[in-house]
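Everything below concerns the one structure shown next.
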Amino acid sequence: MDLALLRTFVAVHRAGSFTRAATLLGLSQPAVTSQIRTLERQLGRPLFHRRARGVTPTAVGDELAHKAAPHLDALLRITEIEREATGTSRTLHLAGPPEFLCLRVLPALAPLVGQGQSLRTALAPDARETLDGLAAGQHDLVVTPTRPRGTLFTANALCDEEQVLVSAAYWAALTERAELHDKGPAALDGIPVVEVHESLPLVTRYWAAVFDSVPECAATVVAPDLRAVLECVRAGAGLAVLPRYLCQDALDRGEIVALLEPAVPPLRTWFLVVRAGSLALAHVARAHDRLLRAAAQW
């Protein structure tokens, strides 16, 4: 059986789409369609059900993918070992929210640069956009707070990020913690809100987890970067919900204060995501392993 046909088949099986597989393989969609039809004729069985959006594998297709994919990945690993033996290395393309990439991911990967690894980053705050880029082959590895579905991606939980309700001391002095516990978010009325988006994604998540309610406030300041939000809070612009890793230094120095310390703090889980099979690529596997080990200390 032609390995090129199997490679195309596995790409379609993982991508769930002829179009997406064609992009990843660097082929035209008609070429991918032709190769799958050739393979189906050779096997005498259909491998995919054609749907309005993409394809789903038949039972035969699933069985073939289960048998063939590990061997194709192993062949790719051998090719990568030979590539690296010649001193040829691939550039690693990674993407994720700017704050997490800058403060967590890039410092953890920096030692690989000293070993000859080159990096290119895409600072993309939108999780859907980031995963779409990974699916299209624009990125090798992404960090996202959304666990993706489907067979195209492999996701590992990277770390849990604690969310903290903070403000400058001036605003904190207007709200006693006991009052906040008793009255809930009503005790915060009148304090301006600093957020990354008009929809209040961080405040909404915090309100739901801690107060079991939805915020009735609107953003006073919108800055689409958590580092800018922190600086606004530090300067006295109002309250915000920030990840502890980002604001802990400011808390330790007394530049801002935590308005509330709930017994069970809200958490957001970060996921490290790659395309299925791409860990056979040495540069992706190295970065993936290094991030998982670094995250154990986060």
Side-chain angles (χ1 to χ4, degrees), residues 1-80 90 92-96 122 124 126-158 269-285 287-288:
M1 189 175 293
D2 190 334
L3 287 179
L5 298 183
L6 282 176
R7 177 171 174 262
T8 299
F9 160 72
V10 170
V12 173
H13 185 273
R14 286 170 168 168
S17 162
F18 284 1
T19 302
R20 188 174 289 165
T23 299
L24 294 174
L25 294 169
L27 301 173
S28 67
Q29 182 176 336
V32 169
T33 301
S34 175
Q35 289 187 29
I36 294 301
R37 286 175 176 167
T38 298
L39 186 57
E40 288 178 327
R41 283 196 300 269
Q42 290 179 3
L43 295 172
R45 299 283 189 86
L47 297 172
F48 297 102
H49 298 293
R50 277 64 170 176
R51 307 296 188 192
R53 293 185 178 181
V55 295
T56 57
T58 63
V60 173
D62 269 336
E63 182 182 8
L64 179 60
H66 180 72
K67 291 178 178 178
H71 298 291
L72 290 172
D73 291 344
L75 289 173
L76 181 56
R77 289 190 188 93
I78 293 171
T79 303
E80 285 296 299
R90 297 176 186 264
L92 179 73
H93 295 267
L94 60 142
D126 183 80
R128 181 179 300 178
E129 175 186 330
T130 304
L131 290 171
D132 286 346
L134 180 63
Q138 298 168 10
H139 317 308
D140 299 311
L141 179 153
V142 305
V143 178
T144 171
T146 303
R147 181 190 285 275
R149 297 178 179 178
T151 57
L152 179 58
F153 302 119
T154 299
N156 289 90
L158 189 60
T269 301
W270 289 98
F271 296 95
L272 184 60
V273 189
V274 296
R275 284 186 306 279
S278 67
L279 290 179
L281 301 172
H283 69 303
V284 177
H288 187 271

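Just so we're clear, the structure is a prediction, and the values are computed from it rather than from any experiment.
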What is the distance from atom CG of Leu39 to atom CZ of Arg45, rounded to the nearest 0.5 Å?
13.0 Å
After noting the C-alpha distance and the side-chain angles of Thr144 and Leu134, does the key distance pass the side-chain contact (heavy atoms from CB on, under 4.5 Å) rule?
CA-CA 11 Å; Thr144 171; Leu134 180 63; over 6 Å; no
Separation of Thr33 OG1 from Phe48 CZ (nearest 0.5 Å)
10.5 Å
Picking from Asp62, Val60, Thr56, what satisfies side chain to side chain contact (heavy atoms under 4.5 Å, CB included) with Thr58?
Val60
Between Asp140 (side chain) and Leu94 (backbone), is there a donor-acceptor pair under 3.5 Å?
no
Closest non-hydrogen atom pair between Ala136 and Leu24, with its separation
C-CD2, 3.8 Å
With distance as the sole test, does Ser34 use its side chain to make a donor-acceptor pair with the main-chain N or O of Pro30 at under 3.5 Å?
no
Reported CG-to-NE2 distance for the pair Leu141 and His283, which is rounded to 0.5 angstrom:
9.5 Å
I'd like to check Arg7 versus Leu25 (side-chain heavy atoms, cut-off strictly below 4.5 Å). Are they in contact?
yes
Just by modelled atom types, is the Arg128 backbone N or O under 3.5 Å from a matching donor or acceptor in the Asp126 side chain?
yes
Nearest-0.5 Å distance, CG of residue Leu3 to OG1 of residue Thr8
11.0 Å
Output the distance between atom CZ (Phe18) and atom CD1 (Ile36), rounded to the nearest 0.5 Å.
5.5 Å
Identify the two heavy atoms, one from Thr269 and one from Ala157, that lie closest to each other, and give their separation to 0.1 Å.
CG2-CB, 4.3 Å
Search all heavy atoms of Pro145 against all heavy atoms of Ala127 and return the closest pair with its distance.
CD-CB, 4.3 Å
I need the minimum non-hydrogen distance between Gly277 and Arg14, along with the two atoms involved.
CA-NH1, 3.4 Å
Taking every heavy atom of Ala68 against every heavy atom of Val10, the minimum-distance pair comes out as CB-CG2, 4.4 Å
Report yes if the side chains of Leu6 and Leu64 come closer than 4.5 Å at any heavy-atom pair, otherwise no.
yes
Which value, rounded to the nearest 0.5 Å, describes the distance between Leu5 atom CG and Arg37 atom CZ?
14.0 Å
Residue pair Arg50 / Glu40: nearest heavy atoms and the distance that separates them
NH1-OE2, 3.2 Å
Counterpart residues, side chain to side chain contact (heavy atoms under 4.5 Å, CB included), relative to Ala21 (two or more places apart)
Ala11, Val12, Ala15
Test item: Arg275 side-chain N/O and His139 main-chain N/O as donor-acceptor pair under 3.5 Å:
yes
Within a reach of under 6.0 Å around NE2 of His66, are more than 12 heavy atoms found that belong to other residues, nucleotides or ligands?
no
Give the C-alpha distance, both sets of side-chain angles, the deciding distance and a yes or no for side-chain contact (heavy atoms from CB on, under 4.5 Å) between Thr19 and Val32.
CA-CA 8 Å; Thr19 302; Val32 169; over 6 Å; no
